[in-house]
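Read the structure below first, then the notes.
Predicted, not measured: the structure shown is a model, and the values here were computed from it. Each ligand, and each atom within it, is numbered from 1 in the order the structure gives.
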Amino acid sequence: RLPHRLVSSVQFRFAVTFTILVAILLALMNTYPTRASRDIVFTEKQSALTNRAAVVSSSLSLLDNLTPDNTRQVLALLDLRDLTRIIVTDSEGLAVYDSASENNIRGKYVLYPELVRALDGQAVFYSHYTTGAFLSRAAMPVMNSGQTVGAVYVCESDSERAALIGNIQRRLATITIGIGAAALVVLWFSIKMLTRRITQLADGVRTVQSGDYSFRLTLSGHDELTELGQEFNNLTERLETTEAQRRRFVSDASHELKTPLASIRLLSDSISQSADMDSTTMREFVADIGSEAERLQRTTEKLLDLSRRDDGVQPDVTIVDLQQAVHGTLHLLRPLADRSSVTITCLMSEGVTVRASEDDIYHIVFNLVENAIRYSPEYTTVSVSVSLCKDPSSMTIRVIDQGIGIPSASLDRVFERFYRVDPARSRATGGSGLGLAITKHCVQECGGTISVWSREGEGSTFTIELPVAPEPDDDDGERADDGEAPGETVGAPGAGDAATQE
Ligand code: ADP
């Protein structure tokens, strides 16, 4: 019994189908031509032998009565050498003539079915092919004045045509063996080629499965298997990129979590090991532990937020009024701006709405304005503006600061997770390196784009473009474009004119 694996394999099925098809073709090729030529010979024999019997019958029909003598005399006048045997009976079925030298039946009643039917008035023909010869028989009544006076039975054996057909058959058999052998060779090569490439693919899948994401297939040809190989390579490339990102993320995340944990550990060890620590120092240490724990909490919250977004959790989308949302967020940042002596100015077009999650809008504005405050020196201004674009189907949020700026080499990387231009400064100001990555995610979720312009020592401008929520009676956009919307100042007194800066 064949093992189940082999029977269900592609190569086995392919081989079986191919073999069955070739076998059917060869069988048809072997049988059809010989059958057709035999049929042609039978038809030809039927007309020839029936004619011969008719000639004999009509010659005898001149006689009133069939007797051995008059029958022999009539038949002697005819050329019947090519016939194997001739039997003539009278109307009773008694053989009056038999050309056979052996087993001669003259004088006996003949009960050959052909003769019986001929005596019944029918013309009969029968032929069959045996190895080496066509044996044909024909029988015909002998009529005289409308009466059956006897019957003629003629028999012929043709070995010449049979030899010709036998010859064709042998040639066909030789050709069949040749074609069969060629088909087997073709089958063997096709299976080898097919399985070699399938095995290559399967090996590739196994290699990637074992963790080698750098593996790429090199498949020859231009067929479906090559296409599959190409798709496999694309998939592996994506896997490799994702895996590299994952590793970097895990290592960065653990590094981020390790630093505050190490500080907490150090501070708590210092407290527990020094017996004579004064209460002021102890309070300072405990406060430090508290701020490190707070940093840990902030980082883990942002990590969780990012991982939720990576999982594709869809936020609740509503129509968000940007004026309200930005005002609310800036209000939360006011204490930070006050502490850093930074002025926030705000210029907003009324009634600009977007279809987005309120959380996303909060994250976008909060992260950008918080960064602008944190990376700006004292007594500078951070300007926030919300306006409709020239194309009224989209709007812009712009956050401009006069801070330290970002080096041009780092501009492309600031949206990467855990990327910081100056890690020490970022940590010192409570940064996690995740703010802009989350902001970019939020912007993309809202269907918008984010870009940054910056020059070191001059400041940075973050620009976000979002599609406006469709509102039929919205005519506030015109006001925004006119630049006549009222400016608002939040933060330290003495800030610059929001309108002029805008
Ligand atoms: P962080 O929490 O460190 O601020 P972000 O993802 O928010 O992380 O920002 C990434 C880095 O981009 C920051 O570490 C900082 O170097 C730089 N950056 C972001 N915003 C500003 C800005 N307004 N001015 C100067 N540098 C900035």
Side-chain angles (χ1 to χ4, degrees), residues 245 248-249 251-253 255-260 291-292 294-307 309-310 326 329-330 332-333 336-337 339-346 359-385 396-445 449-464 491 501:
Q245 280 172 350
R248 209 174 67 218
F249 183 69
S251 105
D252 287 349
H255 179 76
E256 280 315 305
L257 299 178
K258 215 172 66 186
T259 318
S291 68
E292 285 302 313
E294 209 177 291
R295 189 140 74 90
L296 253 182
Q297 194 183 355
R298 264 201 314 273
T299 308
T300 46
E301 269 167 11
K302 288 192 173 174
L303 277 174
L304 276 173
D305 185 24
L306 266 176
S307 101
R309 289 171 192 275
D310 284 345
V326 174
T329 313
L330 293 185
L332 293 174
L333 283 162
L336 179 69
R339 270 202 309 277
S340 313
S341 308
V342 170
T343 307
I344 303 178
T345 67
C346 185
D359 268 0
D360 282 350
I361 299 296
Y362 162 79
H363 278 304
I364 293 169
V365 179
F366 192 95
N367 284 331
L368 292 183
V369 179
E370 189 194 28
N371 275 350
I373 298 171
R374 284 200 288 120
Y375 297 107
S376 290
E378 286 180 321
Y379 309 115
T380 53
T381 305
V382 170
S383 315
V384 182
S385 70
T396 308
I397 303 176
R398 203 166 273 136
V399 178
I400 306 167
D401 67 52
Q402 300 162 333
I404 58 169
I406 303 166
S408 53
S410 302
L411 274 179
D412 285 344
R413 301 197 58 195
V414 286
F415 297 104
E416 286 176 21
R417 294 170 186 195
F418 295 113
Y419 181 79
R420 290 141 157 159
V421 177
D422 178 356
R425 183 178 173 130
S426 164
R427 276 204 193 89
T429 54
S432 63
L434 294 169
L436 286 182
I438 294 177
T439 306
K440 188 177 173 187
H441 233 291
C442 296
V443 172
Q444 283 171 346
E445 247 160 34
T449 55
I450 180 164
S451 58
V452 55
W453 172 93
S454 188
R455 189 163 290 157
E456 269 185 288
E458 282 187 29
S460 313
T461 302
F462 284 85
T463 308
I464 285 150
Q501 280 172 38

Discussion item. Using a 3.5 Å cut-off on N or O atoms only, is Gly433 in polar contact with ligand 1?
Written reply: yes
Item to complete: May I ask you to check whether Ser410 and Tyr419 show a side-chain donor-acceptor distance below 3.5 Å?
Response: yes
Practice prompt. Identify, by atom number and element, the atoms of ligand 1 in contact range of Val414, meaning under 4.0 Å from any of its heavy atoms.
Written response: 10 (C), 12 (O)
Worksheet entry | Min side-chain heavy-atom separation Ser376-Val382 under 4.5 Å | yes
Practice prompt. Please answer whether the main-chain N or O of Glu301 pairs with a side-chain N or O of Asp305 as donor and acceptor at a distance below 3.5 Å.
Written response: no
Fill in: Gap between atom CZ of Arg417 and atom CG of Asp252 - 0.5 Å precision
10.5 Å
Discussion item. Heavy atom to atom 20 (N) of ligand 1, shortest distance: which of Asn371, Leu368, Asn367 holds it?
Written reply: Asn371
Worksheet item: Do Gly431 and ligand 1 have an N or O pair less than 3.5 Å apart?
Response: no
Worksheet, complete the sentence: In this structure, atom 26 (N) of ligand 1 is nearest to the protein heavy atom Ile406 CG1, 3.3 Å
Item to complete: Please say whether Ile404 places an N or O atom under 3.5 Å from an N or O atom belonging to ligand 1.
Response: no
Worksheet, complete the sentence: side chain to side chain contact (heavy atoms under 4.5 Å, CB included) with Phe415: of Thr439, Ile438, Ile450, only one passes, and it is Ile450
Worksheet, complete the sentence: When rounded to the nearest 0.5 Å, the distance separating CG of Leu368 from OG1 of Thr461 is 11.0 Å
Practice prompt. For atom 2 (O) of ligand 1, state which one of Gly403, Gly435, Ser432, Ala372 supplies the nearest heavy atom.
Written response: Ser432
Worksheet, complete the sentence: CZ (Arg339) and CD (Glu378) are apart, to the nearest 0.5 Å, by 13.0 Å
Response to the item:
Arg420 heavy atoms within 4.0 Å reach ligand 1 at atoms 3 (O), 14 (O)
Worksheet item: So which protein heavy atom does atom 23 (N) of ligand 1 come closest to, and at what separation?
Response: Asp401 OD2, 2.9 Å
Worksheet, complete the sentence: d(Thr259 OG1, His255 NE2) to nearest 0.5 Å is 4.0 Å
Practice prompt. Tell me which protein heavy atom sits closest to atom 3 (O) of ligand 1, plus the residue, atom name and distance to 0.1 Å.
Written response: Ser426 OG, 2.5 Å
Fill in: Protein heavy atom at shortest distance from atom 6 (O) of ligand 1
Leu436 N, 2.8 Å
Worksheet item: In ligand 1, which numbered atoms sit nearer than 4.0 Å to a non-hydrogen atom of Val421?
Response: 14 (O), 16 (O)
Item to complete: Report the distance from atom CD1 of Ile400 to atom OG of Ser385, rounding to the nearest 0.5 Å.
Response: 5.5 Å
Worksheet item: How far is atom 13 (C) of ligand 1 from its nearest protein heavy atom, and which residue and atom name does that atom have?
Response: Tyr375 OH, 3.4 Å
Item to complete: Pick whichever of Phe462, Tyr419, Phe415 has a heavy atom sitting closest to atom 11 (C) of ligand 1.
Response: Tyr419
Worksheet item: Which atoms of ligand 1 sit under 4.0 Å from any heavy atom of Arg374?
Response: 1 (P), 2 (O), 4 (O)
Discussion item. Parallel, tilted or perpendicular, judged at 30° and 60°: which one describes the rings of Phe418 and Phe249?
Written reply: tilted
